2 protein chains.
Amino acid sequence: MTGPARREEGGKSRRGTQERALRRREALLDAAVDLLGEGGFTAVTHRAVAERAGIPLAATSYYFSSRDELVADAFALLVERDLLRMRASAAEAGAGSLVESARTILRTYAPDRGRQLGLWELYLQAGREPALQHIARTWTDGWHDIVRTLLDRAGHPCGDDEVRFVATLVSGLWLELLVEDRPGSPERAGETVARALRAITECR
Amino acid sequence: MTGPARREEGGKSRRGTQERALRRREALLDAAVDLLGEGGFTAVTHRAVAERAGIPLAATSYYFSSRDELVADAFALLVERDLLRMRASAAEAGAGSLVESARTILRTYAPDRGRQLGLWELYLQAGREPALQHIARTWTDGWHDIVRTLLDRAGHPCGDDEVRFVATLVSGLWLELLVEDRPGSPERAGETVARALRAITECR
DNA sequence: CAAAAAGCGGTACGCTTGTCCCACTTTAAT
DNA sequence: ATTAAAGTGGGACAAGCGTACCGCTTTTTG
């Protein structure tokens with residue numbers, strides 16, 4: 001009755017918590033992430049998560065004290081994975097030009113529309129629930145860092161303003177691309193990014 | 001039993017629909033919009049809307065064949081009003097510089113965080129429900145038009161690319177401002193916009 | 001004026017939801 | 001070995017949900 005097996009800092013398993021329990025908790029989180037991608041925020045219910053993870057219903061209440069906590073943890077995990085993936089994609093495409101990098105990153109995420117929509121959904125939710133604020137900021141900061149790295153590596157080191165400028169523009173374009181998938185939009189988005197980069201690199 | 005009083009094209013009341021019924025329908029829509037702003041998508045339930053509008057529960061089912069339709073109509077109304085308000089705000093601030101205009105628009109929307117969050121929430125939902133796609137695009141197009149007008153009036157007529165560039169950047173900044181309200185963010189956002197405008201106007 | 005259509009609203013059904021309870025087994029500590 | 005804690009899972013609960021039903025009144029139509 002003391003409390004379920006929370007992930008203590010450092011990822012190290014706490015004394016007294018069993019191995020299997022941690023794996024089950026992760027399975028639940030994975031299921032939650034998947035469901036969020038498939039059906040959005042409202043699809044992440046205790047029952048759906050439990051069934052997806054192949055774990056009895058009561059377990060979800062055992063590992064997460066409330067649905068809000070479950071969603072918040074799923075959000076954090078999603079952000080973490082997203083940034084990891086983005087960093088990897090950026091590193092892989094770091095050699096070519098900036099526009100080419102942007103195109104590579106875009107390709108990486110193309111088959112992942114649902115998950116991205118879910119991520120934005122939760123990000124928006126953070127505007128209403130202060131408990132999610134911290135995670136939302138982590139996402140933004142991480143993304144800005146990636147853009148900064150990318151700009152640096154391309155030989156155009158920028159101040160915070162320029163980084164913010166490019167990062168926000170790309171985010172906005174991407175969100176629009178995600179929501180309204182109009183024909184020809186990806187190409188136009190690419191041109192818009194190129195124009196922004198030109199403005200930063202050529203102009204001074 | 002034929003069907004409730006739908007708003008036929010042109011806004012003209014159909015023969016056979018009563019005046020009061022249309023007003024009630026609008027009252028329900030207004031209530032839905034308010035609730036969306038206060039509590040987000042999930043707060044828009046039949047019961048909450050009915051109670052807020054001072055109208056019995058069954059009426060919501062009478063005027064809207066389903067919750068989805070109610071939400072969709074509320075979304076459309078919200079977009080319509082938002083664009084109207086934005087246009088008015090833009091016209092009012094059209095005299096000064098672009099950055100000053102941006103600042104005025106920002107001030108107009110400051111006390112309206114909830115409604116803006118709801119709007120974005122529905123916009124995001126449009127990524128999953130094709131029925132909302134059309135409304136989402138209307139919002140985007142309308143916003144782009146406003147930006148175009150603003151740029152034109154300031155003596156910097158732009159092509160579609162530039163308009164898209166500025167509009168998307170401002171949207172992104174605005175969304176970030178809305179979700180994470182960090183101290184000092186509005187100022188930094190202003191600078192970022194100024195930089196973007198400089199890039200467009202000075203550079204060529 | 002009669003009949004049909006539209007508007008109205010109380011009520012209830014069926015379902016899903018989050019969460020809790022409690023008996024049970026397994027693991028860890030003493 | 002004994003005792004406490006952690007893990008486990010079946011079941012049930014109240015609350016909230018969308019929606020349909022159905023008798024009623026009001027308005028419009030012919």
Side-chain angles (χ1 to χ4, degrees), chain A residues 1-8 12-29 31-32 35-36 38-74 125 129 131, chain B residues 1-8 12-29 31-32 35-36 38-74 125 129 131:
Chain A
M1 208 189 265
T2 315
R6 302 278 164 69
R7 192 210 305 251
E8 300 295 322
K12 260 302 180 190
S13 67
R14 202 180 65 184
R15 221 174 49 130
T17 62
Q18 302 172 199
E19 178 83 17
R20 182 176 171 234
L22 264 70
R23 268 187 287 123
R24 291 187 108 200
R25 192 177 195 274
E26 272 181 43
L28 285 171
L29 239 32
L35 285 166
L36 182 80
E38 291 171 20
F41 180 76
T42 56
V44 183
T45 68
H46 279 150
R47 281 168 180 82
V49 170
E51 190 178 1
R52 173 67 61 105
I55 281 170
L57 169 62
T60 60
S61 291
Y62 180 74
Y63 290 106
F64 306 92
S65 63
S66 72
R67 191 187 102 109
D68 285 347
E69 191 186 298
L70 169 63
V71 170
D73 284 7
Q125 195 80 12
E129 291 183 27
Chain B
M1 208 187 264
T2 314
R6 301 281 166 68
R7 192 210 304 249
E8 299 294 321
K12 260 299 180 191
S13 67
R14 203 180 62 182
R15 220 174 50 129
T17 62
Q18 301 172 201
E19 178 82 18
R20 184 179 169 231
L22 263 69
R23 266 188 289 121
R24 290 187 109 202
R25 192 176 194 275
E26 271 181 42
L28 286 170
L29 238 33
L35 285 167
L36 182 80
E38 291 172 20
F41 180 76
T42 58
V44 184
T45 69
H46 278 152
R47 282 167 180 82
V49 170
E51 190 177 2
R52 172 67 60 104
I55 281 171
L57 169 62
T60 59
S61 291
Y62 180 72
Y63 289 107
F64 305 92
S65 63
S66 72
R67 191 187 103 110
D68 284 349
E69 191 185 299
L70 169 62
V71 170
D73 284 7
Q125 196 80 13
E129 291 184 26

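Please read all numbers here as calculations on a predicted model, not as lab measurements.
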If you check every side-chain atom of [X], which of [options] has the closest atom?
X	options	result
A:R20	C:dT19, D:dG9, C:dC8	D:dG9
A:P56	C:dA6, C:dT19, D:dG10	D:dG10
B:Y63	C:dG7, C:dT19, C:dG9	C:dG7

- Task: Could you tell me whether the side chain of B:R47 has a donor or acceptor atom within less than 3.5 Å of a complementary atom in the base of D:dG16?
- Result: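 Per atom types, no contact qualifies.
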- Has the side chain of A:R24 got a donor or acceptor that lies under 3.5 Å from a partner of the other kind on the base of D:dG7?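 When only heavy-atom distances are counted, A:R24 does not reach the base of D:dG7 through any donor-acceptor pair under 3.5 Å.
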- Message: Under a 3.5 Å distance rule, please check whether A:R25 uses its side chain to pair with a backbone N or O of A:F64 as donor and acceptor.
- Response: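 Side chain of A:R25 to backbone of A:F64: no pair is present.
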Looking at [atom1] of [X] and [atom2] of [Y], how far apart are the two atoms once the value is rounded to the nearest 0.5 Å?
X	Y	atom1	atom2	result
A:Y63	A:R24	OH	CZ	5.0 Å
A:I55	A:Y62	CD1	OH	12.5 Å
B:D73	B:E26	CG	CD	11.5 Å

Are any of [X]'s side-chain N or O atoms less than 4.0 Å away from OP1 or OP2 of [N]?
X	N	result
A:S61	C:dT19	no
A:H46	C:dT17	no
A:Y62	D:dT8	no

Remember a base hit wins even if backbone is also touched, and classify [X] as base, sugar-phosphate or nothing at under 4.0 Å, heavy atoms.
X	answer
B:L57	base
B:A58	base
B:T60	nothing

Nucleotide [N], atom [atom2] - distance to [atom1] of [X] in whole Å:
X	N	atom1	atom2	result
A:I55	D:dT8	CD1	P	8 Å
A:R67	C:dT16	CZ	P	16 Å
B:R23	D:dT27	CZ	P	12 Å
A:L70	C:dT17	CG	C1'	14 Å
A:E51	C:dT16	CD	C1'	13 Å
A:L28	D:dG7	CG	C1'	13 Å
A:E19	D:dT8	CD	P	12 Å

- Correct closest heavy-atom pair for A:L28 and A:A50 would be CD2-CA, 4.2 Å
